[in-house]
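To start, the structure itself, in structure tokens.
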Amino acid sequence: MTTYNYPEIPSCSWQRPIGLGWDKPYTVRYPSNIDDGPWQGMPLGGFGAGCIGRSSRGDFNLWHIDGGEHLFQTFPACQFSVFEYAGTSAQAYALSTQPSEDGTLQSWQWYPASTTTQITGKYHALYPRSWFVYENVLQAQLTCEQFSPIWANNYQETSYPVAVFLWKAHNPTNAPITLSIMLSWENMVGWFTNALKSPEVQIRDDGSPVYEYQPRLGESQGNYNNIVENTEHFGCFLGRLGNNLPIQEGDGSWCVATIKNSKVEVFYHTRFNPVGSGADLWESFSQDGSLPNYLDATPADANTRLGAALAVRFTLQPGESLEIPFSLAWDFPVTEFAAGINYYRRYTDFFSRNGDNAWAIASTALQEYQIWRSQIQNWQKPILNREDLPEWFKMALFNELYDLTSGGTLWSAASELDPMGQFAVLECLDYRWYESLDVRLYGSFALLILFPELEKSVIRAFARAIPHSDDHLRVIGYYYTIGAETTKAARKVANATPHDLGAPNEWVWEKTNYTCYQDCNLWKDLGSDFVLQVYRDFLLTGSQDVQFLADCWDAIVQTLDYLKTFDLDGDGIPENSGAPDQTFDDWRLNGVSAYCGGLWLAALESAIAIADVLTNHRGTENAEKVRAQKSIYQSWLQQSKPIYQEKLWNGQYYRLDSESGSDVVMADQLCGQFYARLLGLPDIVPSSNALSAVKTVYDACFVKFYDGQFGAANGVLPNGCPENPKATHPLEVWTGINFGLAAFLVQMGMKNEAMQLTEAVVGQIYDNGLQFRTPEAITPVGTFRASTYLRPMAIWAILMMFG
């Protein structure tokens, strides 16, 4: 423990008064979609390790402990509390402004919430760090900094299931102050697994496949709490009696811990009732900041729930400061998909796999937290110090990375085939399948820039999946939603690029194409998306990993051949079918489309460039075969490039498609051109046309759409009005598409316009209760769709364009 200066919180962090609510937060557009409300805070925990969230009112309310599953609920006994004795008065508060809603813990005193006229503190967040600064209630100056060990290019600690809470206390008065900080926690071992093994999949009202998740909340039989300590650290270990069977999902341990020091007294209670009145802790804590040092490791019976608590008490002389670290760790080493499909988590490569490592992880955190914090600061510092980036942009840049922690993230243990393990993030909480390829075309820029080995592991998984087939017939949900005749289609056609890498109730990475809203085998963007991301990931990670290209080459050939079969008129470009057969999967495109056609041209250019790399590399097998394939792609490109121009250019922008007759200006019409330039490939359209088109998009979709308040709509007429006022996707503002469009604007020399657009979208997210659950889509009437979405991490593409 050291003295410290009052904490320097980065000025660009997102801020919110502690406990202050929202007047009009965004609400969900469709009742079937998840809307947990605006009380969302930065998540804590490593990638794929499970995570928890603590909101700006101080409650722990997000529980993504079971891989891919979502639980939003406050367990009031999981809480920090503070006792203060100054002069002749004592006060104690549980540090949440939200009292228990179920009548439990009624003896506890809850921290007063801020109002518009009286602030009781501020919550700050700049992922992966967040802070609570307590004001106007206590005599002492008190802050809590929270973080997990996440920083770029770190493939070890970033996987750890741990959170550090660094308390800093300062006495600004001229008399001594005694403080005690308590961390109480409920033993939740065994809760976070689905009681329904291989639950039945059904089609929701919006056409999406869903299944029921029933965690085993409150089932604590066999759980026990004990004291653990070494020479430097002291903790409460929350475990469960073993049954001599192999460890299952939900089996494991929790641990809360702190450090020993001559300046502090440590107190404990290993068996309080977390659903009682709370007096068994509060009577002693609120009186003098102590706990009764009660030790009882008896396992719980069927009707008992167990809590444990640690408290650290110390006295500060006038002007004195102290830093007190706590750690919270959990060890649930197994993620189960369908019954019997089990994976070990990445962090088990560094700790054993028996589920008893929460104490080892917690004590590691107490040893290493200062190093971890420095690593985070060193990673962020070059960006935070840049004067060409506005504060709000830096804030959103880091905070949008929250999804790498709380997006149902999976990160498996290493194997011979995957030496860094396999990685995956959900498309979102409502569309609960992994790494949707069309979405990650923009959304994966953050992973590529910060964790390139994880990025390449995802693309390798797609390459392996492309040749596979699954003839199982499924109902296509889109036709169900529009009341059309039931349509069925095969789950996965051989050589079609899958839409996603599967869902947490089946077998992620092996059983792909989980979504059945549309028949993804007919989509016209996925094959191109795959080829573009392969070449991008090679080029932007140093152009050295030729083996990565070789691993993906066969899949590139297979999927481009497959995609070419949709070129029914032989003009060189696959046509859209008139059904929603691309990422805008409620929006019908007909014939050659600006979006899919442009991606096709850029993908052909990428495939040609990949062939050149492979044939110039001495170790490449079948070089002649690769050269022959290259010449095929050159002929396709030569044929299709003029067709794209001829059929779609209207003198000002590129038409939506060649056959619908629509005059809509599509915001993302030149995604293919953006990618071609990004990858140093020839323009797919004349640069003067690209500039004219992007200026038209900016004017129509952004400036003229509600005066630029919300961001760019996906598709409106040149005057900013809807073509069809009842349309869904064209009139939504897609956060990730907007960030992708902004990156294109920067690329085209329109930096000011890019930042105006980006600022509008960031403001909508962070001013309206959407923080740490950024949705796919918002609307001008204050509704959103599909929270905790993958695509908004495209904001990192803007940074890449800035250089």
Taking atom types as modelled and ignoring hydrogens, do the side chains of [X] and [Y] form a donor-acceptor contact shorter than 3.5 angstrom?
| X | Y | value |
| --- | --- | --- |
| Ser100 | Asp102 | yes |
| Asn505 | Tyr213 | no |
| Thr348 | Arg353 | yes |
| Glu368 | Gln370 | no |
| Glu427 | Trp433 | yes |
| Asp331 | Tyr347 | yes |
| Ser220 | Trp191 | yes |
| Tyr431 | Arg785 | yes |
| Arg345 | Thr335 | yes |
| Gln146 | Arg129 | no |
| Thr74 | Asp59 | yes |
| Ser11 | Glu391 | yes |
| Glu135 | Thr120 | no |

Test applied, side chain to side chain contact (heavy atoms under 4.5 Å, CB included); reference residue, Ile778; option that passes from Thr783, Val733, Asn768: Val733
Test: Arg791 and Glu400 ion pair at under 4.0 Å: no
